[in-house]
Amino acid sequence: MKLAVFLPELLRHLFKKPATVDYPFKKLAVPVNFRGTPYLNPERCIVCRACERDCPAEAIEISSVNEAEKRFKMIIHNDRCVHCAQCVDSCPTTPKAMLMDSLFELADDDRHKLKKDWVYVRAVLKPKAAAPATPPPAAEPKA
Amino acid sequence: MAVVRTLLYLVVYPGLLFLFVYSTFCEWFDRKVYARLQNRMGPTHTGRFGLLQPIADFFKLMAKEDIVPEAADKRLFNILPVVGLAVVATAGLLLPVWNFDLANPGPTSFSGDIIVVLYLLSLPTLILFLAAWASTNPFATIGGARVLTMFFGYEVPLFLAVLGPAILADSWRLAEIAAFYQAKPLLLLTNLLGFIVAVIAVQAKLERTPFDIPHAETEIVGGTFTEYSGKKLALFRLTFDIELVISSGLLAAVFLGGFPGGAVVGFLHFVVKTLFVIFLLSLLRALTSRIRIDQVVSFAWKYLAPLAVLQLLVTILLKGLLS
Amino acid sequence: MSFQIPIGPQHPALKEPISLRMTVEGEVITDVDMRLGYNHRGMEKLAEEKSWLQNIYVTERICGICSHSHATCYVQGVEKLMELAPPRRGLYIRYLVAELERVHSHLLWLGVAGHEAGFDSFFMYTWRDREIVMDLLEMISGNRVHYAINTLGGVRRDIDEGQKAKILEGVATLRKRSEYYFYIGANEPSFVARIAGVGYLSKESAIALCAVGPVARASGVARDVRKDDPCAVYGELDFELATADTCDVLGRVVVRVKELLESYKLIEQMVKGLPAGDIAVKAPRKAKPGEVVSRYEAPRGENIHYIKANGTDKPERLKVRAPTLANYPATVEMLRKGFIADIPLIFAAIDPCICCAERTVTLVAAGSGEESVVRMSDLRRRAIARHQNAPVKRNAVWPL
């Protein structure tokens with residue numbers, strides 16, 4: 001046992017720059033492939049509803065707006081979303097219709113404001129890009 | 001005219017207003033140093049470099065709801081914070097920085113004022129105990145018991161250590177003690193041991209880590225302050241801030257050669273020396289972990305008190321040698 | 001004079017709600033009464049409503065600190081049920097994340113121990129360096145807390161060469177820092193005075209009270225699922241079991257720091273020996289009827305998941321036995337005869353994860369320390385009976 005064993009380390013840091021970041025004014029960058037907020041690329045979506053089925057938080061809601069025109073509406077409830085990105089993994093299209101961006105500051109004063117929705121026409125499956133109806137929970141491709 | 005002067009003396013400088021401003025500055029200094037030692041930022045945004053943060057905290061607490069528990073002794077509970085503040089602010093008047101004139105001592109500088117300051121600094125401890133007892137909360141009660149237990153540990157070493165230099169200077173007046181060491185600065189070195197003991201004892205008196213046992217938050221929540229909120233808590237915190245200033249001022253006057261050079265230079269001496277003592281206190285705070293109450297008492301009587309007595313012995317021998 | 005002080009459900013020493021009622025005489029604890037159930041979220045019932053795949057994310061959210069432990073434990077079990085053999089690269093990445101999580105959990109615990117003892121500088125420095133491993137986890141998985149790297153039949157994300165280099169670099173820094181913290185923790189007199197000899201748990205009582213994880217290992221019980229029942233990866237790797245025989249909080253600090261150093265060794269081996277190949281195989285949506293018990297050494301001790309399948313795409317039953325629950329009886333034993341000042345340290349020394357453990361109601365008789373587990377139906381019956389016998393009084397004073 002020694003006296004004042006922490007002293008050199010403390011004094012060494014006295015005139016050093018703090019390790020902490022002045023957060024709301026300075027921000028650290030998130031890494032690539034960060035799981036932020038999910039969003040939809042409406043022109044690629046084939047409405048297979050795999051994301052809706054696999055979402056553990058029931059945050060994705062797809063409803064039909066007009067059957068004849070094949071118009072659909074997707075709502076992502078960001079207030080329920082747990083940011084697991086399973087929807088991205090489940091998405092069978094290439095390139096993916098469901099993607100994650102790097103936004104993480106989502107706070108709002110009303111949970112309904114966190115809803116995001118898209119009204120779009122179902123994309124036509126090209127024969128080449130055909131994917132299995134039940135998508136494997138395969139690894140996400142490296143970006 | 002004399003009435004106005006006295007009022008200004010009590011309320012503005014060096015009375016409440018000055019002590020308020022300076023003690024909040026000292027709290028900022030303490031927090032900033034503590035944060036930097038831990039590689040953090042500390043107060044940053046309120047005012048330049050966060051200088052106004054302690055004042056903002058004070059006013060925020062003043063604006064908060066003030067709750068008095070049903071079971072508390074209400075009169076005691078309400079009056080104690082004010083008494084505590086009054087006591088330490090009174091002690092502030094006795095520091096030799098505002099009455100440096102040896103030949104013409106005002107009413108606040110007299111033979112024996114060092115004893116009065118020491119006792120005035122002891123009173124907040126008792127007030128804290130009473131406050132804890134009056135609030136009847138189990139955590140506060142335990143905190144109050146701890147306050148008193150610790151008090152018996154550090155008080156004797158503190159008195160012994162602070163009175164050592166007074167014996168050597170052959171005076172019980174702070175201004176004269178300071179003047180004695182200003183004339184013979186080398187003699188200050190002989191009091192080094194006493195200074196160390198006094199810094200540790202002051203740390204205990206101010207209830208800062210490693211002696212923050214009476215309000216150890218992870219053990220007994222707010223400890224003595226558990227039931228205090230709003231204005232009363234703000235006053236208690238201000239009391240501790242002012243006590244920090246007065247204690248470090250006392251140590252500076254006794255161990256660091258006082259504040260020579262008239263009103264302006266003397267004041268600069270005061271600022272630099274108190275900040276030095278506060279820096280040492282912050283360093284001690286960052287360096288250690290909180291110890292247990294039984295460890296405090298045994299540490300105080302096994303190490304601090306013998307060291308203080310040793311210092312006293314050195315002082316007495318030295319005094320015989322000098323005369 | 002003996003009186004009761006309530007530690008919790010809301011208390012600065014507790015990061016999560018639990019109620020410890022201490023009967024104290026002066027500063028000495030004479031009796032402990034522990035009450036759980038403040039954080040019951042119905043996770044197990046929820047799991048019965050979700051598909052096998054969705055349940056990975058549900059189990060992951062049982063706990064925030066050892067999120068990967070629960071998910072891995074669950075996935076191991078489901079893979080056994082579905083007779084899946086994950087590719088070796090996938091397994092390596094899965095347990096690499098597991099070891100990184102152990103590093104972050106133990107560093108977090110070191111800081112908490114410092115904070116509970118009032119050693120805030122230690123707390124700040126350990127948590128500053130914990131950011132290194134948090135950043136590594138974020139880089140690998142895309143999130144700091146819920147890594148969500150597991151999937152049925154493997155993992156979801158691969159590791160590339162740049163990431164490998166960063167992991168090795170981070171681990172090298174962390175090893176140096178951990179050794180330094182060990183030196184500080186074992187040498188700072190005021191800290192050692194607080195942790196040495198505190199919270200004594202003898203080897204016999206550790207075994208008798210079924211302590212798990214670092215608590216058991218600090219009492220000299222060499223018990224670790226990674227050694228006793230190694231899954232594919234741990235059998236191939238070289239690491240030692242960290243134990244201590246001081247049986248006190250100091251021993252638990254030592255065990256955790258030793259485990260940190262072992263984890264760095266494991267991480268380096270796994271990164272360097274990462275096999276090539278796929279990271280996942282395709283999993284079916286349904287599992288054949290059957291049941292399985294899955295064990296996993298979480299940072300806090302042995303984590304057990306019992307899974308029962310009934311042939312559908314949802315589990316019929318998922319039972320979680322979190323390590324903290326197994327350590328509660330030992331905690332009661334450790335707290336008795338201690339000081340008030342030691343409560344936060346002793347309680348923190350089991351690294352309690354209260355929300356992990358909130359699935360049963362355990363009653364500890366205040367007089368004898370006897371424990372009994374009550375079923376929900378039983379509790380309900382009792383509550384109804386009590387309600388009928390005791391009409392609600394106005395201005396009722398609740399006993400402390």
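All figures in this text were calculated on a predicted structure; none of them were measured in a lab. Residue numbering restarts at 1 for every chain, and letters A, B, ... go by the order of the sequence lines.
- Heavy-atom proximity under 4.5 angstrom to chain B picks out C:Met124, C:Tyr125, C:Arg128 from residues 124-136 of chain C.
- Looking at B:Leu37, only its backbone comes within 4.5 Å of chain C, counting heavy atoms on both sides.
- When heavy atoms are compared at a cutoff of 4.5 Å, B:Thr209 approaches chain C solely by way of its side chain, counted from C-beta outward.
- In terms of heavy-atom proximity, C:Ala193 sits nearest to B:Gln295 at O-NE2, 2.9 Å.
- Under the side-chain contact (heavy atoms from CB on, under 4.5 Å) test applied with C:Ile5, the options B:Ile142, B:Val221, B:Thr141 reduce to a single match, B:Ile142.
- Residues C:Asp342 and B:Arg292 are paired through a salt bridge, judged by an N-O separation under 4.0 Å between the basic side chain and the carboxylate.
- For the pair B:Phe139 and C:Pro6, the minimum side-chain heavy-atom distance is below 4.5 Å.
- Both the backbone and the side chain of B:Asn39 come within contact range of chain C, each with at least one heavy atom under 4.5 Å from a heavy atom of that chain.
- Listed by chain and number, the residues in a side-chain contact (heavy atoms from CB on, under 4.5 Å) with C:Leu261 are C:Arg175, C:Ser178, C:Glu179, C:Tyr264 (sequence neighbours excluded).
- In this structure, the side chains of B:Thr288 and C:Phe191 stay at 4.5 Å or more apart for every pair of heavy atoms.
- Looking at B:Asn137, there are no atoms closer than 4.5 Å to chain C (heavy atoms on both sides), in backbone or side chain.
- Residue contact with chain C, scored on non-hydrogen atoms closer than 4.5 Å, is absent for B:Ile213.
- Within the 4.5 angstrom heavy-atom criterion, no atom of B:Ala145 approaches chain C.
- Neither the backbone nor the side chain of B:Phe299 comes within contact range of chain C; no heavy atom of the residue lies under 4.5 Å from a heavy atom of that chain.
- Between C:Ser190 and B:Ser289, the shortest heavy-atom distance links the atoms OG-N, 2.9 Å.
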